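Scroll down for the structure; my scribbles are underneath it.
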Amino acid sequence: TLKKIRDSGSITLGIRESSYPLSYLDDKQQPVGYHIDVCNRIVDAVKAQLKLPALKVQHQAVTSQNRIPLVGNGTVDLECGSTTNNEARQKQVAFAPTTFVTNVRMAVKKASGIRSLDQLNGKPVATTTGTTSVQLMRAHEKGKGIDFKEVYGKDHADAFLMLETDRAVAFVMDDNLLAGLIVSSKAPADYAIVGEVLNVEPIAIMLRRDDPAFKKLVDAAVIGLMKSGELDKLYTRWFLSPIPPKNANLNFPMSDQLKALIKAPNDAPAESFNKK
Amino acid sequence: MIEIRNVSKWYGQTQVLKDCSTHVAKGEVVVVCGPSGSGKSTLIKCVNGLEPFAQGTITVDGISVSDPKTDLPRLRARVGMVFQHFELFPHMSVEQNLVLAQVKVLGRSAEEAVARGAALLDRVGLREHAAKFPGQLSGGQQQRVAIARALAMDPICLLFDEPTSALDPEMIGEVLDVMVELAQEGMTMMCVTHEMGFARKVAKRVVFMDHGEIVEDAPTNAFFDAPASERAKTFLSRILHH
Amino acid sequence: MIEIRNVSKWYGQTQVLKDCSTHVAKGEVVVVCGPSGSGKSTLIKCVNGLEPFAQGTITVDGISVSDPKTDLPRLRARVGMVFQHFELFPHMSVEQNLVLAQVKVLGRSAEEAVARGAALLDRVGLREHAAKFPGQLSGGQQQRVAIARALAMDPICLLFDEPTSALDPEMIGEVLDVMVELAQEGMTMMCVTHEMGFARKVAKRVVFMDHGEIVEDAPTNAFFDAPASERAKTFLSRILHH
Amino acid sequence: MNYHWNWGIFLEPVKSGDETYLDWLITGLGWTLAVSLTAWLIALCIGIAVGALRTTPSRLLVMLGNAWVELFRNIPLLVQMFLWFFVAPEFLPREWSLWVKQDMPAKEFITAALCLGFFTSSRVAEQVRAGVGSLPRGQHDAALALGLTLGQAYRHVILPQALRIVIPPLTSEFMNVFKNSSVAFAIGVLELTFQARQMQEDSEQGIETYLAVTLLYFICAFTANRVMALIEARTRVPGLIGKPA
Amino acid sequence: MGEFDFSVWQPSLPFIRDGLLFTLRLTLVAMSGGIVIGTLLALARLSPIVPLARVAGAYVDLMRSIPLVLVILWFFLVIPFITGSPVGAETSAIITFTAFEAAFYCEIMRSGIQSVPRGQVNAAFALGLGQAQTMIHVILPQAVRNMLPVLLTQTIVLFQDTSLVYAIGAKDMLKAADVVGKNYNRPVEMIVLSALIYFTICFSLSLAVKQLQKRVAIIR
Ligand SMILES: Nc1ncnc2c1ncn2[C@@H]1O[C@H](COP(=O)(O)OP(=O)(O)OP(=O)(O)O)[C@@H](O)[C@H]1O
Ligand SMILES: Nc1ncnc2c1ncn2[C@@H]1O[C@H](COP(=O)(O)OP(=O)(O)OP(=O)(O)O)[C@@H](O)[C@H]1O
Ligand SMILES: [Mg+2]
Ligand SMILES: [Mg+2]
């Protein structure tokens, strides 16, 4: 990868378009977000190592369908989205040390009075096609012997729209995304994130597998950010201050898991988290 | 039987029929001829209401064609028509072609219709082709089926629009023979055709059209021996010349 | 000029030409007639190599048509052909129709080709229609343009495939007139046609075909006065009858 | 390529249950077939009717037919799906709207089938109109001259011929229906594309997944093609082979 | 959700414009490329060289049997292995659409070529024109004119299909509208806007096609 970057004089970042506030497009349709900033720091490190101050940075929008093949086939060098680090994916790609931890929970309309997953028996519940939440919900249904009527949006915004238009009474998804969707909604005060945590997922920047030199550089850069306290600052900027496009504040304090990870960085997959 | 009075018709700006009047009495054969585009097909299609017309009246057996109260399908069922390109229904067998309208329009039972169809096929010499499709017949055979189809409705008169002009020269004879026979049996017929031999043999009168006008309407012999108008004269000389 | 020797041709299993032999000498007019489907078109298309044939030889001006070494486009450029449905190129003006092959095949300059085209249009009486498109002309006019187009290549002989059978009766005369004139000027012609008046007037010999065979090949007068075969006799009686 | 192949993936159980990935794909195929075939049925019925209307002498009917066709063929299918699913119910009275959104059984399926059906019907109508237009005018005249009413003429003479003529372009449309049904995932129908996304997210064997799904779509379209060819052969009129009607 | 709020349309316009420009560029390139390649494919399919006809036929049938979204995805994933280096989403989209639409234009051109009466070929040959000359001067001009409306209708379909590039993250008009809709959380309003834009453009195009049809139709 490093050689390719040197030869082409450019590095390509994979970005997501609506993963608030990790990676999304602002009102000028430019990619911004917490992970984008982290990636930019990594790019700085690459520039320093290759002595290529003029390195061009290209952006490629990716979706949850194509991000892994695109990293695999070399279209994208660093995926700066909201990819969960799990065992299955580790067969295909490598991950930088975990830089964010999300909890899968649900968003509801406050007025509905729903506080727990068990209250959803027989009710329509929204989630996004092709995300891990779908499986989590099914597993939960089985475990508890209850029955949701799942409805699916093709992306997070559509799924949220289902909640907004009463097609669903709850939306099960990563809590940071839910928070992002709620603050940018028409009436943020109407919604709440409630209920038990279905899963804890480490989210990390994704890169090609079997490229130890590049991984070493990325790891070092990320760990550097953590050690220097830079990452805390970035976190505060994106999760605890007003952010574009609406200049709303997510007010999403750092979780204990992430604090622990910053102290002891690793790239362990999700499975090892939920075992504990 | 057929009365055409002062009929005019326009396509947009162009007038294709100009104040045409003529008639066909019961049992009479009238031949219509004239250069291409002179309005012969248009006129004959006005007779059974296939083309609407702006002015004038046409009555068939006393019933006005242009009267909105007239039940056109019923009137048409009583007026047979034979077309230049046969217009058999290619997706139906010969027998089905003959049966369809008998059943759907006249309300005959299927057996009755089939029997009548078979009798008529016999008459035009095509009994053994009942099960074939039109595409499997020669042009002359198709046109004879088309005549049988028109006859199956027991029409009070028949309209022909150049029934032989799409045929190979060899086959013209077999169709004309059927038509002559019909004429001699007293069928009322109005024929657009350039077969002057046929006209001489059975037509009572010849109507000559040019540019949408009926230029001449004369007894057959008079027309051939001494056409009154210059236009009819040149026309006759051209088509008889070779 | 044209020598057809023992030509046979099959479409799949069915034999459409059976051992046909005939010839056309320089300056001669030969008329080919026979019932529909008898293989007349097929035979005449073999002459300029539009249809391949399995057995026999055809030579035109001494050059074999079926020899793979023959430059067919060059040969065809010297043999004019006129079709039943005119086959003018509908997307080109009359002038362009006449010019195209002169420029692309004979390599004439554009001016030269236009001049030659204009002269020929003049000759068939259509000078003022040079800028029109074929669709704006009547059938008779189109066929005359088609003849002019064939003549523009200065052919050594002309082939006609039923040139008048798609025409309105009125227009047949104007096309036949052009053909008669050409014959009288000594053009070598092989014509498939049922215009027996034309045959009588200019043909040296008449070839009668049936079921892919040349049944009769006789001098014109002999053919009309006393056809040797029964088939030719019935055929003649049928097409002359009306 | 930096890729971990695993062709056995289809027989492995999914993470969250005892089904295999193959079961998922089969479910998906089932819904794809259900949506496509329902939509095709709707498209044929409406398309033939609208196409025929557009050839009648009545100005009003022609205009209505034209409006239908222009409306449904000038907006991308994906956008139409959204309009039907998210926008249309908002115009209903509150209780109806809620019923449609929450309690109507198989609402995604019904919306998708109707939407795809309408979309395709506009194309079918266009083909049928062209087919009727390509018939010689004399057929229409001959039918009327026999005393058939206009309705009978369409029913017995015009449509049977026009439909035979348009079988080849209709074949394309039939194939398109299967392909276009993939858009139904956008409103949450559990069809093939939906299952593919879910499977690749779950298994991380994206390439195998998409190859399998591509193959399944290919088989659907190909079968549609063969079925239409069979119909074409069955309805072929003797004596008309190769000749335009 | 209650009342709609169409004020979001105004700030979205610059993005819609950029997206529309990409959509139009993609449509134009894919159309011209597709027609050229499609015509060559059609010639190959009709050629007497059986293997060539088979290969072209297989290509066309394959393309016509797979949903476009999947084709877009495949090209995006596979092109890097052929060229050795990744291409951007937009280049990939252009290549994909050209290759895909070529299959459809091929079928149109093929029926266009077959719609020219056999007699025209005979007439051209009889004048001494060669195969290629006949094709170029006699058959193709008539085929194109006969098929012009269908070619343009297919182009309208192509224009609508460009919305599928969302699958590889290229930014066309629908995508731009979508992103704005998400940013301002007004997805429904943006859907309505894009529906209106698509309808206006496609409808005007189809009206134009009808006019053109009257204009260029060959008088017969
Ligand atoms: N649908 C139409 N729209 C406009 N003009 C038409 C239409 N049908 C016929 N015409 C014109 O009306 C005139 C008369 O046509 P008609 O078919 O009656 O002539 P015809 O005498 O039967 O000619 P032919 O011998 O060629 O059959 C022609 O000039 C023709 O161009
Ligand atoms: N492409 C073809 N494939 C199979 N059979 C054919 C083909 N073309 C012609 N035939 C058959 O070859 C025979 C001779 O046809 P041809 O066109 O030469 O007849 P013709 O004498 O010119 O008839 P017409 O007077 O109708 O023009 C016919 O029986 C015809 O059915
Ligand atoms: Mg007429
Ligand atoms: Mg012939």
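In what follows, chains carry the letters A, B, and so on, assigned in the order in which the sequence lines appear, proteins first and then strands, with residues in each chain numbered from 1. This is a predicted model, so every value here is computed, not measured.
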Which atoms of [X] are under 4.5 Å from chain D, going by heavy atoms: the side chain, the backbone, both sets, or neither?
X: E:L73; answer: side chain
X: E:F159; answer: neither
X: E:T153; answer: side chain
X: E:I156; answer: side chain

| field | Min side-chain heavy-atom separation E:L174-D:L78 under 4.5 Å | value | yes
| field | Distance-minimising heavy-atom pair for E:W74 and D:Y210 | value | CZ2-C, 3.4 Å
| Taking non-hydrogen atoms and a cut-off under 4.5 angstrom, which of residues 174-185 of chain D neighbour chain E? | D:M175, D:K179, D:S182, D:F185
| Counting a contact as any heavy-atom pair under 4.5 Å apart, which residues of residues 212-229 of chain D contact chain E? | D:V213, D:T214, D:Y217, D:F218, D:A221
Enumerate donor-acceptor pairs with a distance under 3.5 Å from any side-chain N or O in residues 69-77 of chain D to protein atoms, sequence neighbours excluded.
unit_1: D:E70; atom_1: OE1; unit_2: D:N74; atom_2: ND2; d: 2.9
unit_1: D:E70; atom_1: OE1; unit_2: E:S206; atom_2: OG; d: 3.2
unit_1: D:E70; atom_1: OE2; unit_2: E:K210; atom_2: NZ; d: 3.2
unit_1: D:N74; atom_1: ND2; unit_2: D:E70; atom_2: O; d: 3.1

| query | Does D:W68 CH2 have over 12 foreign heavy atoms under 6.0 Å away? | reply | yes
| query | Rounded to the nearest 0.5 Å, how far apart are CZ of D:F85 and CD1 of E:I191? | reply | 11.5 Å
| remark: Per-residue tally against chain D (heavy atom, under 4.5 Å) across E:A177, E:A195, E:S163 peaks at E:A195
| query | Residues in side-chain hydrogen bond (donor to acceptor under 3.5 Å, both in side chains) with D:T171, at least two apart? | reply | none
